[in-house]
Enquirer: 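Right, I'll just put the structure down here and ask away after.
We use all heavy atoms of the structure for the numbers below, so side chains are in, but hydrogens, waters and symmetry mates are not.
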Amino acid sequence: MSDQENLRLAYEQALKSYHEGGLPIGSVMVDASGAVIGAGHNKRVQENNPILHGEMDCIRSVGPRKNYQGLTLYTTLSPCMMCSGTIVQFGIKRVVVGEDENFKGNIDFLEKNGVEVVLLKDAQCTALMKKFQQEKPELWLEDIGEGA
């Protein structure tokens with residue numbers, strides 16, 4: 001499948017979280033053959049867990065591995081520092097990002113640490129996050145550690 005098709009799977013995860021009352025950030029992980037080996041979405045609200053971001057839930061669903069070589073992580077939103085640090089720590093070398101308009105995230109950090117980042121500037125990812133930020137600004141700020 002193409003990057004855009006895999007990002008659609010991550011978007012479906014984001015939409016699932018949104019409909020559950022959570023933050024609309026989704027992620028999938030794909031191996032070198034193109035098979036989806038993990039999926040997740042932000043479950044901070046659903047599981048009352050401040051570190052269960054979309055990328056973290058996806059990596060958790062993949063489970064322990066000896067290495068993450070040849071894997072690609074797809075995420076609907078540019079990763080925060082916590083998720084970016086995890087990507088670097090586990091040696092995930094390719095990340096496809098849906099959008100960075102609503103949150104710049106840490107693309108520069110990822111690239112400086114040897115991660116290939118593909119930014120798709122996806123209109124659906126952008127629109128869903130913008131809608132959520134307008135509906136629940138306090139929850140959004142809390143999620144990224146900027147809540148009052």
Enquirer: Checking I51 against N49 for the side-chain contact (heavy atoms from CB on, under 4.5 Å) test, could you report, in this order, the C-alpha distance in whole Å, the side-chain angles of both residues, the deciding distance, and whether it holds?
Expert: CA-CA 6 Å; I51 63 170; N49 184 334; 3.2 Å; yes
Enquirer: Can E55 and T75 be counted as having a side-chain donor-acceptor contact under 3.5 angstrom?
Expert: yes
Enquirer: Say whether, by atom type as modelled, one donor and one acceptor occur between the side chain of T72 and the main chain of V30 under 3.5 angstrom.
Expert: no
Enquirer: Rounded to the nearest 0.5 Å, what separation is found between the OH atom of Y68 and the NZ atom of K93?
Expert: 14.0 Å
Enquirer: Kindly say whether N102 contributes a backbone atom to a donor-acceptor pair with the side chain of E99 at under 3.5 angstrom?
Expert: yes
Enquirer: Taking the side chain as C-beta and beyond, is there a heavy-atom pair between Y11 and P24 under 4.5 Å?
Expert: no
Enquirer: Less than 3.5 Å apart, any donor N or O on the side chain of S17 or Q46 sitting next to an acceptor on the other?
Expert: yes
Enquirer: Is the backbone N or O of F109 less than 3.5 Å from a side-chain atom of N106, with the two atoms forming a donor-acceptor pair by type?
Expert: no
Enquirer: Test of understanding: clusters of I, L, V, M, F, W, Y form through side-chain heavy atoms closer than 4.5 Å, transitively. Do V45 and L77 belong to the same one?
Expert: yes
Enquirer: Is there a donor-acceptor contact under 3.5 Å from the side chain of D57 to the main chain of H41?
Expert: yes
Enquirer: Would you say E5 has more than 12 foreign heavy atoms packed within less than 6.0 Å of its CD?
Expert: yes
Enquirer: What's the spacing between F90 CZ and R65 CZ if we round to 0.5 Å?
Expert: 11.5 Å
Enquirer: Please report the shortest heavy-atom distance between V115 and I92, naming the atom on each side.
Expert: CG2-O, 3.5 Å
Enquirer: With side chains defined as the heavy atoms from C-beta onward, is the minimum distance between L52 and R44 less than 4.5 Å?
Expert: no
Enquirer: With a 3.5 Å distance limit and no angle check, can you tell me whether S61 reaches the backbone of A39 through a side-chain donor-acceptor pair?
Expert: yes
Enquirer: Is there a side-chain contact between I25 and H53 in this structure, where contact means two heavy atoms from C-beta onward sitting under 4.5 Å apart?
Expert: no
Enquirer: Between K43 and E20, does at least one N-O distance fall below 4.0 Å, as a salt bridge requires?
Expert: no
Enquirer: May I ask you to check whether over 12 heavy atoms, not counting those of N48, lie within 6.0 Å of atom CG?
Expert: no
Enquirer: State, with a plain yes or no, whether a side-chain heavy atom of C58 is found less than 4.5 Å away from one of L73.
Expert: yes
Enquirer: Can you check whether Y74's main-chain N or O pairs, donor with acceptor, with S27's side chain at less than 3.5 Å?
Expert: yes
Enquirer: Quick one, V118 and V97 - any side-chain contact, counting heavy atoms below 4.5 Å?
Expert: no
Enquirer: Do the side chains of R94 and E116 get close enough for a salt bridge, i.e. N-O under 4.0 angstrom?
Expert: yes
Enquirer: Hey, what do you get for NZ (K112) to OG (S84), rounding to the nearest 0.5 Å?
Expert: 12.5 Å
Enquirer: Apply side-chain hydrogen bond (donor to acceptor under 3.5 Å, both in side chains) to the pair D122 and Q4, showing each step before the final yes or no.
Expert: CA-CA 9 Å; D122 183 83; Q4 194 63 50; 2.8 Å; yes
